Amino acid sequence: MAEQTIAQQIRELMNNPEKIRNIAIAAHIDHGKTTFSDNLLLGAGMISEELAGKQLTLDFREDEKERGITIDAANVSMIHDVDGEKYLINLIDTPGHVDFGGDVTRAMRAVDGAIILVDAVEGIMPQTETVVKQALRERVKPILFINKVDRLVREVKLTPEKIQERLTQVITDVNRLINNLAPEEFKEKWSVNVQDGSVAFGSARENWALSIPFMQKKKVSFKDIIDVYQKGEEEKKKWFWEKAPLFEVVLDMAVKHLPNPLEAQKYRVPKIWQGDVNTKFGEDLLNCNRDGEIAFVVTNIVIDPRSGKEITAGRLYSGTIVNGMEIYANNLKRKYRVQQVLVYNGIKPEQLEKVPCGNVLAIVGPSVDVGETITVKEQSPFEEIKHIFQPVITKSIEVARSADLPKLIEVLRKVGKEDPSIKIEINEETGENLISGMGELHLEIVENRIK
Ligand code: GDP
């Protein structure tokens, strides 16, 4: 039989929710999320080494025009093989450097599991706490990756015993967080555990990782890793890639320990949806019924820089979205028609005729806000997507020539739509427009985008 292309495999797996994992990576800034995500994609054969080296994939906004990517590449799909079975991994991410509370909350609504990534040297930081809190509030199950272990070996020059102590400390701290923040019924169940393999550790920069199940299966030890650090660059790189490839360890862990949509929707829907689960629609949501009425939650909006079209991305919890169908936006209380249905093949968007529930996808057609619930007829909406942070810094933006004012207002509206964590006050008469954001860096990025 001819080998299926990746696109064909993705289309097939999309129809089998048991084989889907919708996941996010949550981390404090600079703990290595961008490097880590790129290495997952590289390992799964979705991007070239050159692209991964440049760390462009999930941080694409600046060069999206040059590369012709017209959809939010911050969502990507990969295929991963575990014991001869293929799985579809949808990785929902936010660009590394705009990692503010608002974005993370939105991503959590689309996924069922999260990889909490923690720098081995720094340990848990305030933002780690925030993202764990956001995940648990959405009933998103956490697993742990401890990154930058190479620094413990090389910079801090710890002995294997001391390294183990350090890793144990990070695991204990993460479990304390989970224990404090998880709903009662999940406190025990969702604790991460190095023995069962819900914890892995390694180096995103050097592209290796280990977990206990992987070490047992492949007969590699942590001592092997330390020994390899005595060897030359090339030899080391080759060894890591052959014996302890990061993507394999991490995606194995995600498939094994994170729930599929059928499992997750049963306990997530009662928490994140406002309606009565004892109705037909409620049951369709709980059971991820592809023949039910559609229920699509909008988690991200991207404006295509070339066509100006709004691309509305989100998670489909029930039903099947079909191109051309009429849909209803429950917050705005109005109808739209679906003009395009898109999924991701690696980082490339691909148009399809229809996509069933359990998947993360994008549509063109509606013009709504993040958090909108899209159905066929009026229904109870999903819970509002609440941001933990409030904007703290305000700046005034003015045009050099007053003739440009309408253009600025138009741009400000678009920017506000794409990033609900900023607040925009437009004064069409005076031309004094105020934008408020989460901090200096955040506002700087927004200003660049406006320019
Ligand atoms: P993000 O802000 O979480 O997306 O972090 P980045 O992926 O941009 O990484 C932040 C910095 O940490 C960069 O300089 C990376 O090269 C570095 N880094 C990422 N992973 C590792 C690692 O495993 N080991 C070391 N030593 N540095 C790393």
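Remember, it's 1-based here, ligands and their atoms both numbered in the order they're listed. Because the structure is a prediction, the values reported are computed rather than measured. Excluded from the calculations below are hydrogen atoms, water molecules and symmetry mates; all remaining heavy atoms, backbone and side chain alike, are included.
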**Q** With only distance considered, is A204 within less than 3.5 Å of ligand 1 through an N or O on each side?
**A** yes
**Q** Using a 4.0 Å cut-off to any heavy atom of R151, which atoms of ligand 1 qualify?
**A**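 This gives 26 (N) as the contact atoms.
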**Q** Quick check: closest heavy atoms across R315 and P261, and the distance to 0.1 Å?
**A** NH2-CB, 3.6 Å
**Q** Are E263 and K141 within salt-bridge range, i.e. N to O under 4.0 Å?
**A**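 Salt bridge between E263 and K141, a charged N being under 4.0 Å from a carboxylate O: no.
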**Q** Is any NZ, NE, NH1 or NH2 atom of the basic residue among R139 and E185 found under 4.0 Å from an Asp or Glu carboxylate oxygen of the other?
**A** yes
**Q** Go through ligand 1 atom by atom and flag the ones less than 4.0 Å from a non-hydrogen atom of S203.
**A** 22 (C), 23 (O), 24 (N)
**Q** Hey, does R205 come in under 3.5 Å of ligand 1, counting only N/O atoms on both sides?
**A**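 Min N/O separation from ligand 1 is below 3.5 Å for R205.
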**Q** Is it the case that ligand 1 has an N or O less than 3.5 angstrom from some N or O of E155?
**A** no
**Q** Is there a polar contact between ligand 1 and D30, counting only N or O atoms under 3.5 Å apart?
**A** yes
**Q** Looking at E242 and K238, does any basic side-chain N land under 4.0 Å from a carboxylate oxygen?
**A**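 Yes, E242 and K238 are salt-bridged.
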**Q** Please round to the nearest 0.5 Å and tell me the distance separating atom CG of L246 and atom CG of N39.
**A** 6.0 Å
**Q** Is the closest N or O pair between G202 and ligand 1 shorter than 3.5 Å?
**A** no
